[in-house]
A.B. asks: 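Structure incoming, see below.
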Protein chains: 2
Amino acid sequence: MKDPLTSFPGYSLRRAANAASAELAQRLSVVGLRQSDASLLMLVEANPGVTASALGRRLDIQRANMVPILKRLEDAGLITRAPIDGKSQGLALTEAGRRTLTEAFQVIEQFERELIERIPAEHRAHLLPALDAIWR
Amino acid sequence: MKDPLTSFPGYSLRRAANAASAELAQRLSVVGLRQSDASLLMLVEANPGVTASALGRRLDIQRANMVPILKRLEDAGLITRAPIDGKSQGLALTEAGRRTLTEAFQVIEQFERELIERIPAEHRAHLLPALDAIWR
DNA sequence: TCGCGAAAGCTATGCCGAATAGCAATCGGC
DNA sequence: GCCGATTGCTATTCGGCATAGCTTTCGCGA
């Protein structure tokens, strides 16, 4: 079957991201996290006391869409919210949050390793800079 | 703000795909198509008489999810379905479908050109093979 | 200092892609 | 000729993402 799509980088980009995303989502589900959860936990760990909207800006997640994510993480006992002033609140990991993040981190690093290994050696080093040039 | 995410190719892959996808979707909307519509039209043009399930297999779209896409394209007068036998039907572009696809093709090619141009020259040639290695 | 625009957090809602489960009709190889 | 595989479909759900609008609070400039 003829397939004119395969010559479009944009199409391959979408397909590759979907494939990788599905794979990672499945692996992360065994520690009870979604991808957005994991990325958010990482940023909170690296920046204790950060606010929800600062996180949203960095991750390009709208404030409105942060709400259910944070609620889920708080309900799961992984993060705490402490008022900074009347309108902002600082986020931090709980002990359970740190433990869960450690597990998630191992899953993710393993995943990333395998992802890289699938790429022929001569192309490997170019992937990250090329991708970053697209969205940054 | 510290950001441990930026060193993960998987994360950049997701972000780059999202950014590109949003951009293309917006451009395609001016010709009244979604990305899935456009990719499907291209495959139908290259393979007249192809069946819905064969298309789905190639595009990794489940049979169930093909239904609304095909219905939309048929309602818009872009494709026709002709029974092959009692259970299969062959798809083909209408005249309007060919015209619309031509417009879409120009949009897509322009988009792909700009996408490539954003990547530093020394990385360009490596992107497509690297991406293909991930999902194929 | 006080007034007002900006920012923070939130609700409600909808769209799109994708997945699952299940069904009826048909095809095709043994 | 029979039975498993295939096709097309309905119905439903979920996750990611977007928009519109609300209330409260902050903080800067007149």
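Order of the sequence lines sets the chain letters (A, B, ...), proteins ahead of strands, with each chain counted from 1. Values in this document were obtained by computation on a predicted structure and should not be read as measured data.
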A.B. asks: So A:Arg81, base contact, sugar-phosphate only, or nothing? Heavy-atom distance under 4.0 Å.
C.D. replies: sugar-phosphate
A.B. asks: Name the residue closer to the 5' end of DNA chain D, choosing between A:Ala64 and A:Gly86 according to the nucleotide with the nearest heavy atom.
C.D. replies: A:Ala64
A.B. asks: Between B:Ser88 and B:Arg34, just flag the one whose closest nucleotide in DNA chain C comes earlier from the 5' side.
C.D. replies: B:Arg34
A.B. asks: Compare all side-chain heavy atoms of B:Glu114 with those of B:Arg118 and state whether any distance is below 4.5 angstrom.
C.D. replies: no
A.B. asks: Can you tell me the distance, in whole Å, between the NZ atom of B:Lys87 and the P atom of D:dC9?
C.D. replies: 14 Å
A.B. asks: Could you check whether B:Arg15 pairs with A:Asp60 (Lys NZ or Arg NE/NH1/NH2 to Asp/Glu carboxylate O, under 4.0 Å)?
C.D. replies: yes
A.B. asks: So which nucleotide from D:dA18, C:dG17, C:dG9 ends up closest to the side chain of A:Asn65?
C.D. replies: D:dA18
A.B. asks: Find the distance A:Glu23:CD to C:dA19:P and express it as a whole number of Å.
C.D. replies: 13 Å
A.B. asks: Can you tell me how far P of D:dC14 sits from CD of A:Gln26, to the nearest Å?
C.D. replies: 18 Å
A.B. asks: Check whether the side chain of A:Asn18 and the base of C:dA18 form a donor-acceptor pair under 3.5 Å.
C.D. replies: no
A.B. asks: Whole angstrom is fine here: how far is it from CE in B:Met66 over to C1' in C:dA19?
C.D. replies: 16 Å
A.B. asks: Decide yes or no on side-chain hydrogen bond (donor to acceptor under 3.5 Å, both in side chains) for A:Ser21 and A:Gln35, but give the supporting numbers first.
C.D. replies: CA-CA 8 Å; A:Ser21 204; A:Gln35 286 171 267; 2.9 Å; yes
A.B. asks: Send over the distance from A:Leu28 CG to D:dG16 P, rounded to a whole Å.
C.D. replies: 11 Å
A.B. asks: With sugar-phosphate meaning primed atoms plus P, OP1 and OP2, does A:Arg14 contact a base, only sugar-phosphate, or nothing at under 4.0 Å between heavy atoms?
C.D. replies: nothing
A.B. asks: For B:Leu70 and D:dC9, what is the distance between atoms CG and C1' respectively, to the nearest whole Å?
C.D. replies: 11 Å
A.B. asks: In whole Å, what is the span from the CD atom of A:Gln35 to the P atom of D:dG15?
C.D. replies: 12 Å
A.B. asks: Is it true that A:Glu95 and A:Arg98 have a side-chain N and a carboxylate O under 4.0 angstrom from each other?
C.D. replies: yes
A.B. asks: If you only use heavy atoms from C-beta on, which nucleotide in D:dG15, D:dT10, D:dG8 is closest to the side chain of B:Gln89?
C.D. replies: D:dG8
A.B. asks: Are any of the side-chain nitrogens in B:Glu117 or B:Arg113 under 4.0 Å away from the carboxylate oxygens of its partner?
C.D. replies: no
A.B. asks: Just to be sure I understand the rule, does A:Ala22 reach a base, reach only the sugar-phosphate, or reach nothing, if contact means heavy atoms closer than 4.0 Å?
C.D. replies: nothing
A.B. asks: Counting just side-chain N and O atoms, does B:Gln62 come under 4.0 Å of either OP1 or OP2 of C:dA18?
C.D. replies: no
A.B. asks: Using the side-chain heavy atoms of A:Ser53, tell me which of these nucleotides is nearest: D:dT7, C:dA8, C:dA12.
C.D. replies: C:dA8
A.B. asks: Base, sugar-phosphate alone, or nothing: which one does B:Arg72 contact when heavy atoms must sit under 4.0 Å apart?
C.D. replies: nothing
A.B. asks: So which nucleotide from C:dA8, C:dC10, D:dT7 ends up closest to the side chain of B:Arg63?
C.D. replies: D:dT7
A.B. asks: Would you kindly give the CG-to-P distance between B:Leu73 and D:dG8, to the nearest whole Å?
C.D. replies: 15 Å
